[in-house]
K.L.:
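One structure is given below, represented as structure tokens, and several questions about it will come after.
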Amino acid sequence: MPGKTLYDKLWEDHVVHTEDDGSSLIYIDRHLVHEVTSPQAFDGLRLAGRKPWRIDRNLAVADHNVPTTAREQGIADPVSRLQVETLDNNCAEFGITEFAMTDPRQGIVHVIGPEQGATLPGMTVVCGDSHTSTHGASGALAFGIGTSEVEHVLATQCLVQKKAKNLLIKLNGPVGLGVTAKDIVLAIIGTIGTAGGNGYTIEFAGEAIRNLSMEGRMTVCNMAIEAGARAGLVAVDEVTIDYYRDRPYSPKGEHWFMAERYWQRLYSDADAVFDKVIELDATAIKPQVTWGTSPELVVAVDGCIPDPMLETEGGKRQSMQRALEYMGLQAGQAITDIQVDKVFIGSCTNSRIEDLRAAADIAKGKKIAGNIKLALVVPGSGLVKRQAEAEGLDKIFIEAGFEWREPGCSMCLAMNADKLEEGERCASTSNRNFEGRQGYGGRTHLVSPAMAAAAAVAGHFIDVRQL
Amino acid sequence: MQAFTLLNGLVAPLDRANVDTDAIIPKQFLKSIRRTGFGPYLFDEWRYLDHGEPEMDCSQRPLNMDFVLNKPHYQGAQILLARENFGCGSSREHAPWALEDFGFRAIIAPSFADIFYNNCFKNGILPIVLPAETVDRLFKELADGYRLTIDLAAQTITTPNAATLAFTIDETRKYRLLNGLDDIALSLLHADKIAAYENGRAKRAPWLFASNLK
């Protein structure tokens, strides 16, 4: 019998029941809840007179709607305020632990999960948010769900699932200096496309992945969904185990040693069979910049915008043309000639301490360019913010002309007051460059934190390796 | 959930690949705490010439007449013909809620994003995957008043020229959709198995059950 993939092992450990057609009921170890995708689920429970199956499996936090300034004054937008208050009320009614907006541990749900040790290796983790794939960086099976499934998990602690296929993406060799986890994952999406991972769970492996910190691995797994896969995974190693030592909710005492032994088997066996394997040369990856309205429309910073007329496939050509029109760009234009109006450093992709350090390293002793209307730094959590302040990063940013804000999703999806105006162009460390994502008519270019900081200082995209 | 059995419906084409859930229902409408009322804001940024906000009276807004769903001959469409990777991006179930509220009961595409596909089944919408060439042919055949008949029990689509196209679907999903069954009630039939699993897991992985969140 061939060996098992990491995904096979995680799946098998969580199957409660399997139907004849392969649909299974799988057990969910951790359910993260936020304000946008949960109100209708709680309503559903009330309507049916159901109670949550197991309260202590749930952790809630408001992140999408929260303001990043003057938080003590509450939320100005009454619609946003109602949504956050609804989460507060639902958690109070059902007895679910919630980090309130003023709690120092509050932050983006996918930042605080690992930070608190609330999501751990070997767990199944779900949340009504597609970037739940982030938690797969620890060797957890983690994926986003819709609101009906949020209700289902609350009521049964299980989900009805069919097992996905196994895809191995192997990054051979190390990346060069100035090339980050964000560049790796953008390069992967540029290669396999936004539908490349549909129907698969992706395991990221190879030297370039092993060399990443946990923060970097989270960035890669975060964007598995942009490659079409609900879940991304990285095998457990010493980096993983070290990260979870002494987290507030990490196992303690004898339980830690038991957990460690269990986690050490969370890798794909050498003779495991994957449905598909893709190998990429990590040494060839350069800093990446997206130029279109889908994350797959990406090139290296020293490249030019591709010519849609050279694309042979009609549908793809049309999408490229539409993207260029929306983005206000021309084929053949050098990426480094593109001027930006705003810079956003934050989101569940890139708002962890390592991301802020990388951006601060570039901003240190410099000033943002005159054409930059706003450069925002939004830490991923209150604890990331506190750590950054202890290291003096806030001062570096503020002196360079950046605004230093309170934690939340912020301008990644612009559900709060932080947004692009029509036609504005943004260098953003977030995960989606869809039309209107950061504000109606806004134009998003996805980059790494260092590349975003460099664009803020230069006023246009610039190769961070030349600084 | 409303059951899906047989549908004879008008088809509207949306000839774009990678239609994302931000396009299907933009984020400002996700602030609603209700499950209904999203239909008027479906494809808001493509459908209207102005910028939409929650609670707006859409009957007063300027329509983008170039957008396909605004064309007179697609009014009342119940079947959406789409391209690859439909519904990519965020997990927001507001996307199928908006499609359903607008009147769509089925979507035909060469591929769907996984989370969106799954969310459709929870809302009485049937997402049908057909080979890219077949979808392409339907786009070409499509004319004013083009209707398809979808028979879920038989797993067939019948075109106006009486051609029959077969499609596949998981048995479990089909059964639930045909009967409009509530997933939770069905899963709770296995409550004893869930409890048994939980007890076993608490023994194998006690650290997961030791520390209560607070």
Side-chain angles (χ1 to χ4, degrees), chain A residues 16-17 19-21 23 25 27 29 36-37 39-40 48 50 53 56 59 65 79-80 82-83 86 97 118 123 128-130 144-149 151-152 155-158 160 162 194-195 198-199 228 230 249 251-252 255-256 258-259 262 294 315 319 413-415 432 434-437 440, chain B residues 15-18 20 22-23 26-28 30-35 45 51 54-55 83-85 88-94 96 111-116 118-119 122-123 170-173 182-188 190-191 193-194 197-198 201 204-214:
Chain A
V16 172
H17 170 77
E19 301 283 347
D20 292 340
D21 74 341
S23 298
L25 206 54
Y27 190 77
D29 293 317
V36 180
T37 55
Q40 300 86 350
R50 291 183 175 123
W53 179 273
D56 67 359
L59 176 64
N65 276 283
V79 193
S80 287
L82 176 63
Q83 195 164 55
T86 303
T97 300
M123 276 184 167
D129 190 285
S130 61
I145 56 177
T147 299
S148 294
E149 290 183 315
E151 184 181 339
H152 192 281
T156 69
Q157 208 51 50
C158 288
V160 181
K162 220 167 173 184
T194 48
N198 278 6
R230 287 180 84 172
Y249 297 135
K252 303 282 184 288
H255 280 160
W256 169 264
M258 291 175 81
Y262 177 81
S294 161
S319 313
L413 87 166
M415 273 189 84
R432 290 190 176 131
F434 299 153
E435 288 181 21
R437 171 80 180 182
Y440 182 71
Chain B
D15 195 2
R16 294 185 182 209
N18 299 314
D20 59 75
D22 275 81
K27 76 290 214 142
Q28 62 270 33
L30 273 50
K31 294 178 187 179
S32 167
I33 56 171
R34 294 182 307 143
R35 206 179 178 116
E45 294 188 2
H51 173 57
E55 317 281 322
R83 294 290 188 183
E84 40 292 310
N85 202 26
C88 62
S90 121
S91 65
R92 59 188 71 169
E93 196 162 318
H94 312 68
S111 60
F112 292 90
D114 293 342
I115 302 178
F116 175 83
N118 205 35
N119 282 341
K122 316 291 181 192
N123 294 284
D170 288 345
E171 278 305 315
T172 302
R173 283 181 161 139
D182 173 355
D183 268 2
I184 297 177
L186 289 175
S187 293
L188 284 174
H190 299 293
K193 283 189 178 173
I194 300 172
Y197 173 89
E198 210 166 42
R201 185 147 176 84
R204 290 192 306 276
W207 63 91
L208 291 177
F209 296 84
S211 73
N212 283 342
L213 298 181
K214 55 182 177 291

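Below, chains carry the letters A, B, ... as their sequence lines are ordered, and counting in each starts from 1.
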K.L.:
Applying side-chain contact (heavy atoms from CB on, under 4.5 Å), run through B:Asp22 and A:Glu435 and close with a yes or a no.
P.N.:
CA-CA 8 Å; B:Asp22 275 81; A:Glu435 288 181 21; over 6 Å; no

K.L.:
Is any NZ, NE, NH1 or NH2 atom of the basic residue among B:Asp20 and A:Arg432 found under 4.0 Å from an Asp or Glu carboxylate oxygen of the other?
P.N.:
no

K.L.:
To the nearest 0.5 Å, what is the distance between CD1 (B:Ile184) and SG (A:Cys158)?
P.N.:
11.5 Å

K.L.:
Highest number of heavy-atom pairs under 4.5 Å with chain B: which of A:Glu19, A:His17, A:Met258?
P.N.:
A:His17

K.L.:
Checking B:Asn119 against chain A: side chain, backbone, both or neither under 4.5 Å from a heavy atom?
P.N.:
side chain

K.L.:
Side chain from CB out, backbone as N, CA, C, O: work out which of these in B:Phe112 comes under 4.5 Å of a heavy atom of chain A, or both, or neither.
P.N.:
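Just the backbone, heavy atoms under 4.5 Å.
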
K.L.:
Could you tell me which of B:Arg204, B:His190, B:Glu171 has the largest number of non-hydrogen atom pairs under 4.5 Å with chain A?
P.N.:
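Of the candidates given, the most pairs with chain A belong to B:His190.
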
K.L.:
Heavy atoms only, distances under 4.5 angstrom: which of A:Arg50, A:Glu151, A:Lys162 has the most pairs with chain B? Name it, please.
P.N.:
A:Arg50

K.L.:
Would you tell me whether A:Arg437 and B:Ser90 have side-chain atoms, one donor and one acceptor, within less than 3.5 Å of each other?
P.N.:
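No.
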
K.L.:
To the nearest 0.5 Å, what is the distance between CE on A:Met123 and CH2 on B:Trp207?
P.N.:
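So the CE of A:Met123 and the CH2 of B:Trp207 are separated by 10.0 Å.
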
K.L.:
For the atom pair NZ (B:Lys31) and OG1 (A:Thr86), what is the distance rounded to the nearest 0.5 Å?
P.N.:
13.5 Å

K.L.:
Give, for atom CG of A:Leu25 and atom CD1 of B:Ile194, the distance between the pair rounded to the nearest 0.5 Å.
P.N.:
5.0 Å

K.L.:
As an exercise: rank A:Ala414, A:Gly128, A:Ser294 by heavy-atom pairs under 4.5 Å with chain B and give me the winner.
P.N.:
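The option with the most such pairs is A:Ala414.
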
K.L.:
Compare every heavy atom of A:Trp53 with every heavy atom of B:Ala191, then report the nearest pair and how far apart it is.
P.N.:
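Smallest heavy-atom distance, with atoms named: O-CH2, 3.5 Å.
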
K.L.:
Can you tell me which portion of B:Gln28 sits under 4.5 Å from chain A's heavy atoms? Options are side chain, backbone, both or neither.
P.N.:
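Neither; nothing under 4.5 Å.
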
K.L.:
What residue in B:Glu55, B:Lys122, B:His51 has the most heavy-atom pairs under 4.5 Å with chain A?
P.N.:
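Among B:Glu55, B:Lys122, B:His51, the one with the most close pairs to chain A is B:His51.
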
K.L.:
For chain A, which candidate among B:Pro26, B:Ala113, B:Gly89, B:Cys88 shows the most heavy-atom pairs at distances under 4.5 Å?
P.N.:
B:Gly89

K.L.:
Which answer fits B:Asp183, side chain, backbone, both or neither, if we ask what part of it has an atom under 4.5 Å from a heavy atom of chain A?
P.N.:
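Both backbone and side chain.
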
K.L.:
Which of the residues A:Pro39, A:Ala155, A:Gly146 is involved in the greatest number of heavy-atom pairs with chain B at under 4.5 angstrom?
P.N.:
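Looking at each option in turn, the highest pair count goes to A:Gly146.
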
K.L.:
Using non-hydrogen atoms only, which part of B:Arg201 is less than 4.5 Å away from chain A: side chain, backbone, both, or neither?
P.N.:
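Side chain of B:Arg201 only, per the 4.5 Å heavy-atom cut-off to chain A.
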
